[in-house]
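Reading through the structure tokens given below for one structure.
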4 protein chains.
Amino acid sequence: MDKKEAKRVEIINVALELFATKGFYSTTIPDIAKALNMSVGNLYNYFKSKDILAKEIIKYISHYLGNKLKEINMMPISTKEKTKKIVEVYFETAKNRPHMIDYFLRVYLSNREVFKDGCEGMICVSEFVTEIMIYFEEGVRRGELKNQDFFSAFGLFMGYLGGMVFLKGENILPKELEEYIDDISNNIYRALSAK
Amino acid sequence: MDKKEAKRVEIINVALELFATKGFYSTTIPDIAKALNMSVGNLYNYFKSKDILAKEIIKYISHYLGNKLKEINMMPISTKEKTKKIVEVYFETAKNRPHMIDYFLRVYLSNREVFKDGCEGMICVSEFVTEIMIYFEEGVRRGELKNQDFFSAFGLFMGYLGGMVFLKGENILPKELEEYIDDISNNIYRALSAK
Amino acid sequence: MDKKEAKRVEIINVALELFATKGFYSTTIPDIAKALNMSVGNLYNYFKSKDILAKEIIKYISHYLGNKLKEINMMPISTKEKTKKIVEVYFETAKNRPHMIDYFLRVYLSNREVFKDGCEGMICVSEFVTEIMIYFEEGVRRGELKNQDFFSAFGLFMGYLGGMVFLKGENILPKELEEYIDDISNNIYRALSAK
Amino acid sequence: MDKKEAKRVEIINVALELFATKGFYSTTIPDIAKALNMSVGNLYNYFKSKDILAKEIIKYISHYLGNKLKEINMMPISTKEKTKKIVEVYFETAKNRPHMIDYFLRVYLSNREVFKDGCEGMICVSEFVTEIMIYFEEGVRRGELKNQDFFSAFGLFMGYLGGMVFLKGENILPKELEEYIDDISNNIYRALSAK
DNA sequence: GATGAATGAGCTTTCATTCAT
DNA sequence: AATGAATGAAAGCTCATTCAT
């Protein structure tokens, strides 16, 4: 296995946590280097700029979540069950690897100027979006989901889940995220189902 | 009419647009001053710091949107109709005063460190949240909405609408926001209704 | 009595306290105006600049202390008794009007650049210095003090007293200033006396 | 030899001179950087803030003077002779490294707000104060000095010497400092001696 | 005489990035 | 690959002073 690649992944994970926790602009390159026990100069041997690092991170996250969703999509279960599984995976990630979801919500979605060049549209999160699209289109094909505009469905799904994680992060939710799984997956399924 | 107050509001509106467009950290105080044809020093006579300005802006937006929702809540119409009206108002604002919604999504929700002191929880957006709460609880009381955790409903509503506006902002939506009003308000109502 | 003159004196006293407490550079003109319930603009009607105000203050203090010393110099007592009286007056002022002594030590003596133009040498404290000179020369004439260079005697007197007040201000002295009066006036007299 | 440490010392010496000459607040960081042929940013790699730099300088001076006094304290000579030697060293320093004494008097003693945190009391000048204390207590133990409050003696010593250097700095003294050595050390010894 | 909004130069400090070693 | 000293532009903020009212 490539040693340089391993270091790249290590940098991505450490930077991901710092960016998600302190914000993109409040995290400095020296901060990241120090957290890695690495010199700033050497960090630049792996990523040519702070912006490029930020873009690599979001691709990494999209790849990680896309894989999780791909597994669900390949399961021989109903769309209703898949819906619940997706909510579960999302909340599970929010719990086990909270920085990934935070990065998505608070770095990627929020600092668009950083991602202008190279991550236009959904380019850098396409692996993840593609799986949601597959989930949706298969549900429609099977007659389980209503045939509406994909983006309306996508906005519901991602906006809803993101909103809940955000509320959790703000300590506004009275209960644990897991306890909302049934409510939420029901709400989503009722909204999308062909009835 | 209070001249100083008028200037305050002018500053808020100009800064709101800049922050929403370029991001909080990429917008400098000199940028704002220049856009206002005003000296940097004088800007500080109105707002003691960049952070304080940011907080006043979100309160201003919350007040603006809260008022719009209050009008809807006072209408003698069914909860289903209110649901649609709220979606309409939100998208209308996203169209007429797009920076307000962008500010909410991309400045307020994303740069939590800026709003730490003084805007904990939902303090600075309480006017707005309160109206959503009234909409929801009245719907439940009337037997039109299912009695579930408020935050689950709130997350759905705001996450969904926010997600759609974000997708629009990224030029990902193939249609105009207005054309989604029916789909979306139906989806929301189906998700929340007592059936 | 002149109303404008009364206001001038009020400003001097308030500014004196602020400068002595917070330092010359850390005290702003708005600070002074606010403490006086006065507008900054109007303050400038009384003193054309911050520097000029500072210079007027030191003259005012020199005048005040000079008068106290003049009274002592006119008393029909021995030089030894006068020495003690001067120490007493100095410490009394340090206790009752501490800002005067602090101003002398921490504003006037320390920020020479401020007093460059107009207060060269001892011009602005001449009233005070003159009385010390009279005390010294009369003591020599009477044969009670050793005939040495005046400045050596002056440096002893003022350096010693200033040093003690400084130590008191730093909370380093274990006892009250008054309790040092005997020790100090004895030390000074022993140093200066013809023996 | 440690290159970074050498640079640290170089910065301290240059900043010390500027602060002593122009005053703490009238000396800017760019002033210091320019005098060092160094970038502003790099200066901050050595000292995290202007205040911290000021504190390091006073420690450096205290260390320098403390060493000089330590040598005197270790000499097998009478307290009277030590008294004279201390005055000599002080005036010698005032002549050879005048900025050190000026810094002590005009930066350290005067801008207390700068030294609030970290240099409370005499912490940052303890090396120097300690030697004066040793000189005094040994003199008392030997029966050569009167057993009085240490601070009264300390105030005399430092106030007197400081006052003389100040007068010299103001071009008020008609003679060179060295010519006062006998007068002054006699005055001090007469004041302090057990007689 | 009185007000306080307005100016703008200048301050301290930060930080992405480079480059000699 | 690795280091970290060095750069310098630019940020947020302050404040003495002015001036229209």
Side-chain angles (χ1 to χ4, degrees), chain A residues 3-4 7-8 24-34 36-54 114, chain B residues 3-4 6-8 24-34 36-54, chain C residues 3-4 7-8 24-34 36-54 114, chain D residues 3-4 6-8 24-34 36-54:
Chain A
K3 206 154 185 208
K4 183 153 189 190
K7 192 106 197 165
R8 260 181 64 91
F24 179 75
Y25 288 103
S26 303
T27 302
T28 70
I29 294 288
D31 283 347
I32 298 170
K34 186 181 291 176
L36 282 155
N37 266 102
M38 190 185 214
S39 68
V40 277
N42 200 20
L43 196 52
Y44 274 84
N45 285 328
Y46 292 86
F47 296 93
K48 279 210 181 68
S49 77
K50 196 182 178 186
D51 285 13
I52 287 173
L53 173 55
V114 176
Chain B
K3 216 156 179 203
K4 188 151 191 194
K7 191 125 211 164
R8 253 183 68 92
F24 179 74
Y25 288 104
S26 303
T27 303
T28 71
I29 294 289
D31 285 346
I32 299 171
K34 191 177 292 174
L36 281 155
N37 264 101
M38 192 184 218
S39 69
V40 167
N42 199 22
L43 196 53
Y44 276 87
N45 284 332
Y46 291 87
F47 297 93
K48 276 200 181 39
S49 76
K50 196 183 177 188
D51 284 13
I52 287 175
L53 174 55
Chain C
K3 206 149 185 211
K4 183 154 189 190
K7 192 105 200 169
R8 260 181 64 92
F24 178 74
Y25 289 104
S26 304
T27 302
T28 70
I29 294 289
D31 284 346
I32 299 170
K34 187 182 287 175
L36 282 155
N37 268 102
M38 193 184 210
S39 69
V40 277
N42 200 19
L43 196 52
Y44 274 84
N45 286 328
Y46 291 88
F47 297 93
K48 279 209 181 71
S49 77
K50 197 183 179 187
D51 285 13
I52 288 175
L53 174 54
V114 175
Chain D
K3 215 155 179 205
K4 188 152 192 193
K7 192 128 209 161
R8 250 183 70 91
F24 178 76
Y25 289 106
S26 304
T27 303
T28 70
I29 294 289
D31 285 345
I32 300 171
K34 191 177 292 174
L36 282 155
N37 265 100
M38 189 185 220
S39 70
V40 168
N42 199 22
L43 197 52
Y44 276 85
N45 284 333
Y46 291 85
F47 297 93
K48 278 198 178 41
S49 76
K50 196 183 178 186
D51 284 13
I52 286 174
L53 174 54

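Numbers restart at 1 for each chain; the letters A, B, ... are given by sequence-line order, proteins then strands. Predicted model, so just to flag it, every value in this text is computed and none were measured.
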Inset, instruction - Tell me, with the steps shown, if A:N45 and A:N42 meet side chain to side chain contact (heavy atoms under 4.5 Å, CB included). - result: CA-CA 5 Å; A:N45 285 328; A:N42 200 20; 3.0 Å; yes
Inset, instruction - Could you check A:F47 against A:I32 for side chain to side chain contact (heavy atoms under 4.5 Å, CB included), going step by step and ending with a plain yes or no? - result: CA-CA 12 Å; A:F47 296 93; A:I32 298 170; over 6 Å; no
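Expressed to the nearest 0.5 Å, how far CD1 of D:I29 lies from OG of D:S49 amounts to 8.0 Å.
Judged by closest nucleotide on DNA chain F, D:G41 is the one of D:G41 and C:G41 placed further toward the 5' end. The residue among B:N42 and B:T27 whose nearest nucleotide of DNA chain F is located toward the 5' end is B:T27. Comparing D:I29 and B:N37 along DNA chain E, the residue whose closest nucleotide (by nearest heavy atom) sits nearer the 5' end is B:N37.
The footprint of chain A on DNA chain F, defined by a heavy-atom cutoff below 4.0 Å, extends from F:dA1 to F:dA5.
Remark: C:Y25 engages C:E113, D:S26 in a side chain to side chain donor-acceptor pair (under 3.5 Å) (not counting sequence neighbours). With sequence neighbours left out, C:K48 forms a side chain to side chain contact (heavy atoms under 4.5 Å, CB included) with C:I52. Residues satisfying the side chain to side chain donor-acceptor pair (under 3.5 Å) criterion with C:T28, sequence neighbours excluded, are C:D31. In this structure B:Y44 satisfies the side chain to side chain donor-acceptor pair (under 3.5 Å) test with no other residue, sequence neighbours excluded. When the side chain to side chain contact (heavy atoms under 4.5 Å, CB included) test is applied to A:K34, no partner is found at least two apart in sequence or on another chain. B:S39 pairs by the side chain to side chain donor-acceptor pair (under 3.5 Å) definition with nothing, not counting sequence neighbours. For B:K7, the side chain to side chain contact (heavy atoms under 4.5 Å, CB included) partners two or more places apart in sequence, or in a different chain, are B:E10, B:I11, B:M38, B:Y46.
Look at CG on C:L36: it is 16 Å from C1' on E:dG4, rounded to the nearest Å. Whole-Å rounding puts the D:Y25 OH to E:dT12 P distance at 11 Å.
Residues A:A54 and A:V114 approach most closely at CB-CG1, 4.1 Å, considering heavy atoms.
Within residues 44-51 of chain C, the residues having any heavy atom closer than 4.0 Å to DNA chain F are, in order of number, C:Y44, C:S49, C:K50.
When heavy atoms are screened at a 4.0 angstrom cut-off, C:P30 is found touching the sugar-phosphate backbone but no base atom.
Axis angle across the helix from E:dA2-F:dT21 to E:dT21-F:dA2, with five pairs used at each end and values rounded to 10°: 10°.
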